[in-house]
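Please read the structure below before turning to the comments.
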Amino acid sequence: MAGLLALVAARLQPAFDRLEPGADPVLRPSGQPGVDFQANGALALAKRVGRPPADLAAEIVATASLGEICTKVEASPKGFVNLTLDDGWLAATLAATAADPRLGRCLAERSLTVVVDYSSPNLAKEMHAGHVRTTIIGDALCRLYADAGHRVIRENHVGDWGTQFGMLIEYLLESGDAGREALSLGDLEGFYRQARAAFDASEELQDRSRSRVVLLQSGDPDTVALWRQYVDLSVAHFTSVYHRLGVLLQPEDVVGESFYNDLLPVVVAELEDKGLLVESEGARCVFPPGFANREGQPLPLIVQKSDGGYNYATTDLAALRDRFGRLGADVAVYVVGAPQALHFQMVFAVGRLAGWIPEGKEPVHVMFGSMLGADRKMFKTRAGDVVKLAELVDEAVERAAAAVAAKSPDLPDGEAQVVAEAVGVGAVKYADLSTDRARDYVFDWDRMLAFDGNTAPYLQYAHARIRSIFRRAGLDAAGLLAGAAAPPVLASPAERDLAVALLDFDTAVAATIGTDSPHKLCSYLFDLAGVFTAFYESCPVLRAPAEVRDGRLLLCAHTAGVLSAGLGLLGITAPERM
RNA sequence: GCCCCCGUAGCUCAGCUGGACAGAGCGGCCGCCUUCUAAGCGGCGGGUCGCAGGUUCGAGUCCUGCCGGGGGCACCA
């Protein structure tokens, strides 16, 4: 069940093919009153075919077999083809879409293996505001890909290797159970700070830490066991934060830097075999063409430092090779901030030179802008500290709880808490997802938790209002949808507008996935909610006469379904009541 | 110096990959609860789409050059 746009475009295609095989109808929603879609293809075709646009448009009107789907097809003097959909066809299409468990969302024509690298915190420290965007955007993309029928492999490329782990292991030994307890409570930050303080204060600890790193790198079993202990406790903490946030990542999705450790020499050796390696200033580098530094000199991607150590470029190359090789990725997605654009361009370029990216496959850097405070500077606390993610979520839920308590004092305590979690977490996520990810985004509690405007609470409220209708009537919305109800009578403009909006779901989701831009789905859902409230204001449902009541109930059930499914694709839950 | 991202209403942002008069929310002003959740809805006012060229039947959208903001550019990730 395709979206409305695709359905109509397909029906229009033969008329365009007659003029020029494969010509694009350029079908768009129309702003003209009483017109649903406009096909602009005739204007584009005019020059190529050597005929006036109006002429072509007239011919399209004459030859298009839009039969039962359009009630009016007109060519404008300028060459636009204006289409007005038939109410009966619209209603029948809506009924069919309502009965579809996917509510019209098409599956991808080809199921791909998509590896998504996101979140990727450093296990030495606690997750902070800097991890919010990658975690939220990455998770939404995973849900969208999976829903479209792709095979999604989540990879949480955590920092679990490096010199700081020598220090942490030594401190874990030194602090014994106390340290383990701090870690199991999730106070990674406190543990790290204490370890750091002890490290700075004691040369002896510094020495032990250094030799511990050597032991770790060389695979000493006892050291590895201690490291594993630290990592497990840390991952458990991260997992609890993910759970709280409603993020899909699980411990088994962790593929940390340590995982690639053994592959790093292999990566360098292969680069050498392929003749790509150049030694420069003591470091072993690859110089991909097209990159220059400040002085205009070729810019290297350093894969082995002059001290013999490897760096993040080496690890990223190993990961790239692993994803397209072992995992058989068709697409490797990196949900990483925009500042790393150059780094990934170079890694991808070297990956291609090395032949690790098969023909037709592609790595994609899904970049995003910085999260800024109200002062338009990097998001920090008043004291200038980074904001812990767990505390951010706490505050969101507290604020939401206060709002819920004020607006809906009758909700039972238990339910109020569940609603507050959904609203608070939803607000944070939606605020992040609802603007073009490439832009920097301004974090603002009041705006994201507002019940007006393009926010999660507004959409959740629209959804809850609909559920309330069914509760009141003692009806089951899901059953209504599945029950292949009779097509609604689209008696009023508000009903008709709602029907059209509902049938745009597939188009919106496809555009969202096609550009890795969750904000497009947000915009659609916001628009749908607006169209619904207009309907809700002007069309009584339960008190409506029998001949329109069932149709309106179906519209309601369908809308609730799209809102909750749409929010679900973004990783946001829609409570039954609020 | 080079490269990347951004520049649309007072503020925060959309603008569906070039289409017919540029939209929303907030803020301001006015109106709407004996009626399915007013956490809502309607109306009014508000824009040289950073600037200048260019391509095109048509440009907020594509190209070039400037201006402004942010970021990146050899051994931290």
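It should be emphasised that the depicted structure is a prediction, and the values quoted were computed from it without experimental measurement. Here is the naming used below: chain letters follow the sequence lines, and residue numbers restart at 1 for every chain.
Between the C1' atoms of G15(B) and G7(B), the separation comes to 15 Å (whole Å).
Donor-acceptor pairing under 3.5 Å, judged by distance alone, is present between the side chain of Ser408(A) and the base of A39(B). Contact of Asn82(A) with A20(B) (side chain to base): a donor-acceptor pair of N or O atoms is detected under 3.5 Å.
The residue Thr435(A) sits close only to the backbone: its heavy atoms come under 4.0 Å of sugar-phosphate atoms, none of a base. No engagement by Thr455(A) is indicated, since no non-hydrogen atom pair under 4.0 Å with the nucleic acid exists. Ala464(A) comes within contact range of at least one nucleobase, with a heavy-atom separation under 4.0 Å.
Judged by distance alone, the side chain of Arg552(A) and the main-chain N or O of Glu495(A) form no donor-acceptor pair under 3.5 Å.
Stacking between Phe526(A) and A24(B) is absent: the ring centroid is not both under 5.5 Å from the six-membered base ring centre and under 30° in plane angle.
Taking side-chain N and O atoms only, His519(A) has a distance below 4.0 Å to OP1 or OP2 of G15(B). Residue Arg447(A) has no polar side-chain atom (N or O) positioned under 4.0 Å from OP1 or OP2 of G27(B). Listed pair Arg465(A) / A38(B) meets the phosphate criterion, a side-chain N or O lying under 4.0 Å from OP1 or OP2.
Among the nucleotides C75(B), C36(B), A20(B), the one closest to the side chain of Ser468(A) is C36(B).
When the nearest nucleotides of RNA chain B are assigned to Tyr458(A) and Gly159(A) by heavy-atom distance, the more 5′-ward of the two goes with Tyr458(A). Residue Val35(A) is the one, among Val35(A) and Phe287(A), whose nearest nucleotide of RNA chain B lies closer to the 5' end (criterion: closest heavy atom).
A salt bridge is absent between Arg577(A) and Asp410(A): the closest approach of a Lys/Arg side-chain nitrogen to an acidic carboxylate oxygen does not fall below 4.0 angstrom.
Atom-to-atom, CG of Asn311(A) to P of A74(B) comes out at 13 Å; the value is rounded to the nearest Å.
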